[in-house]
Undergrad: 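Once you've had a glance at the structure underneath, I'll fire off some questions.
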There are 2 protein chains.
Amino acid sequence: MLLDAETALADAPPGHKDEVRLWLRLLTCTNLIEAEIRRRLRAEFDTTLPRFDLLAQLERHPGGLTLGEISRRMMVSNGNVTGLAARLEEEGLVERRVSATDRRAQSLRLTARGRKEFARQSAAHEGWVAELLGGLSLVEREALQRLLGRAKASVRAGLQEGGA
Amino acid sequence: MLLDAETALADAPPGHKDEVRLWLRLLTCTNLIEAEIRRRLRAEFDTTLPRFDLLAQLERHPGGLTLGEISRRMMVSNGNVTGLAARLEEEGLVERRVSATDRRAQSLRLTARGRKEFARQSAAHEGWVAELLGGLSLVEREALQRLLGRAKASVRAGLQEGGA
DNA sequence: GAAAAATAGTTGAAGCCTAAACTATCCGCA
DNA sequence: TGCGGATAGTTTAGGCTTCAACTATTTTTC
């Protein structure tokens, strides 16, 4: 994955469409932030972004979530969640319980330790993001939020067409 | 100790700091586009994004690049490039040559077939991106480009501080 | 000129991720 | 009741990615 696709493309001959330049800049921004967050999660908490994301899902749903629900919310495959859940369970941060009404399904929830650990990570994470994006004014952040919303809508529309 | 019970990832319920909501939307946008591009590269060309990115680097440098240069430009590890290069060589899309002046180094360049294949992929890629982002007006795209530039600058500034 | 430091690249272990094939269970329906 | 299709999750094979340890070579330094 190109961390700085834009720089890489800097000396590319013109002829790329406008949209490609926009896409590369979007990718660059995201990758810069994501790489830094991964690095800090690893350095300060010895964990990874996927693990953090999974804990965040559970935090939002104290009643527990099935593996399938997690997989849909995180937009990753089922098999992926199987592995993540196994590691988090081994670390004692989450626990599984087989559903009373459906013996195929099992729901995951945070353990007390998981809740406590995630709270620490989450607070730090919030600070990191605020620090990294803090150079933007409130007005800029709002404009960006709105435009990214438009971009998201555009992409989803594009997916509809192709996948129909 | 900060205990923010509202904090979570994915599609951002309220309670997050402004910046986190912005970050999550940025991430969602990028992931949507990236997943679709990966899917199409796989479906239509039986290849992957990292392979495509590596070919793109070589395309821009017809004189060849050493593995180390590629690794720096793509901002990935050395070992990563070793593996990618091995697969691309096996597919006959790139060729290696040991440097005449430094027996440690070897430069990679596109084969004729690699050049031809990349041209096909690149044209398709450009079309996909244009299609996915085509729902934005020119004005919106320009505004987004500018704001993302600002965001990038903010992040780089944030990295300086932390990493100094 | 030889030891030491730096550089180019490879390898191995481990985690993340997917698609596809598989098992187990549930549900609808005749 | 029993069959067939849907659903929940696991497994497997393979690619991507990193870090750390390693080999080979070059450069620096004394």
Side-chain angles (χ1 to χ4, degrees), chain A residues 1-4 27 31 34-43 45-55 64-91 93-94 96-108, chain B residues 9 27 30-32 34-55 64-91 93-94 96-108:
Chain A
M1 167 62 33
L2 279 172
L3 254 189
D4 196 344
L27 189 55
N31 285 345
E34 192 175 325
E36 183 64 8
I37 290 178
R38 285 181 193 273
R39 200 184 63 70
R40 296 193 190 185
L41 279 175
R42 181 174 196 275
F45 298 107
D46 191 27
T47 189
T48 66
L49 193 48
R51 277 150 148 115
F52 176 74
D53 286 346
L54 200 159
L55 294 184
L65 288 172
T66 65
L67 297 193
E69 282 165 344
I70 292 170
S71 137
R72 277 187 293 278
R73 284 171 197 278
M74 291 179 69
M75 302 204 287
V76 298
S77 68
N78 259 352
N80 191 345
V81 174
T82 293
L84 287 173
R87 277 171 232 120
L88 288 170
E89 189 182 20
E90 197 177 349
E91 294 178 58
L93 301 181
V94 308
R96 316 160 99 101
R97 202 167 0 149
V98 172
S99 161
T101 60
D102 184 342
R103 270 180 303 170
R104 292 168 307 178
Q106 45 191 287
S107 74
L108 234 59
Chain B
L9 265 197
L27 188 55
T30 300
N31 285 345
L32 275 177
E34 191 175 323
E36 183 64 8
I37 290 178
R38 284 180 194 273
R39 200 183 64 69
R40 294 193 192 186
L41 279 175
R42 179 176 200 275
E44 299 194 15
F45 298 106
D46 192 25
T47 189
T48 67
L49 194 46
R51 278 150 147 114
F52 176 75
D53 287 345
L54 201 161
L55 294 184
L65 289 172
T66 66
L67 297 194
E69 284 165 343
I70 293 170
S71 137
R72 278 187 294 278
R73 284 171 196 277
M74 291 178 70
M75 297 181 92
V76 299
S77 67
N78 260 350
N80 192 343
V81 175
T82 293
L84 287 173
R87 276 170 232 117
L88 287 170
E89 189 182 19
E90 197 178 350
E91 294 178 57
L93 301 181
V94 308
R96 315 160 99 100
R97 201 170 0 151
V98 172
S99 161
T101 61
D102 185 341
R103 268 180 306 169
R104 292 168 307 178
Q106 45 191 288
S107 76
L108 235 58

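So you know, we letter chains A, B, ... as the sequences are listed, proteins then strands, and number each from 1. All figures in this text were calculated on a predicted structure; none of them were measured in a lab.
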Undergrad: Looking at Asn80(B), Val76(B), Leu65(B), which hits side chain to side chain contact (heavy atoms under 4.5 Å, CB included) with Ile70(B)?
TA: Leu65(B)

Undergrad: When the nearest nucleotide of DNA chain C is assigned to Gly83(B) and to Arg72(B) on a heavy-atom basis, which residue is associated with the more 5' position?
TA: Arg72(B)

Undergrad: Identify whether any heavy atom of Arg38(A) sits under 4.0 Å from a base atom; if not, whether one sits that close to sugar-phosphate; answer base, sugar-phosphate or nothing.
TA: nothing

Undergrad: Looking at the base of dT26(D), is there any donor atom on it, or on the side chain of Arg104(B), that sits under 3.5 Å from an acceptor on the other one?
TA: no

Undergrad: Please report the closest heavy-atom contact between Asn78(A) and Gly68(A), naming both atoms and the distance.
TA: OD1-CA, 4.2 Å

Undergrad: Can you tell which of dC26(C), dT18(C), dT18(D) lies closest to the side chain of Asp102(A)?
TA: dC26(C)

Undergrad: If you look at every heavy atom in Arg38(B) and Pro50(B), which pair is closest and at what distance?
TA: NH1-CD, 4.0 Å

Undergrad: Measuring from the side chain of Leu84(A) (C-beta onward, heavy atoms only), which nucleotide among dC17(C), dA8(C), dT17(D) has the closest atom?
TA: dC17(C)

Undergrad: Any side-chain N or O of Arg103(A) under 4.0 Å from OP1/OP2 of dA24(C)?
TA: no

Undergrad: Mind checking Thr48(B) for me? I need base, sugar-phosphate or nothing, with any heavy atom below 4.0 Å counting as a touch.
TA: sugar-phosphate

Undergrad: Any salt bridge linking Glu69(A) with Arg72(A)? Criterion: basic side-chain nitrogen under 4.0 Å from a carboxylate oxygen.
TA: no

Undergrad: Choosing from dG15(C), dT25(C), dG9(D), which nucleotide comes nearest the side chain of Leu67(A)?
TA: dG9(D)

Undergrad: Below 4.0 angstrom from OP1 or OP2 of dT17(D), is there any side-chain N or O of Arg42(A)?
TA: no

Undergrad: Hey, is the side chain of Arg96(B) poking within less than 4.0 Å of OP1 or OP2 on dT10(C), counting only N and O atoms?
TA: yes

Undergrad: Remember a base hit wins even if backbone is also touched, and classify Thr66(B) as base, sugar-phosphate or nothing at under 4.0 Å, heavy atoms.
TA: sugar-phosphate

Undergrad: Looking at every strand, decide which applies to Ser71(A) at a 4.0 Å heavy-atom threshold: base, sugar-phosphate, or nothing.
TA: nothing

Undergrad: Do any N or O atoms from the side chain of Thr66(A) and from the backbone of Gln106(A) form a donor-acceptor pair under 3.5 angstrom?
TA: no

Undergrad: Counting the atoms with a prime plus P, OP1 and OP2 as sugar-phosphate, which does Asn78(A) contact under 4.0 Å by heavy atoms, base, sugar-phosphate, or nothing?
TA: base

Undergrad: What does Gly79(B) touch in the nucleic acid at a heavy-atom separation under 4.0 angstrom: a base, only the sugar-phosphate, or nothing?
TA: base

Undergrad: With respect to the phosphate group of dT18(D), does any side-chain polar atom (N or O) of Asn80(B) fall under 4.0 Å of OP1 or OP2?
TA: yes

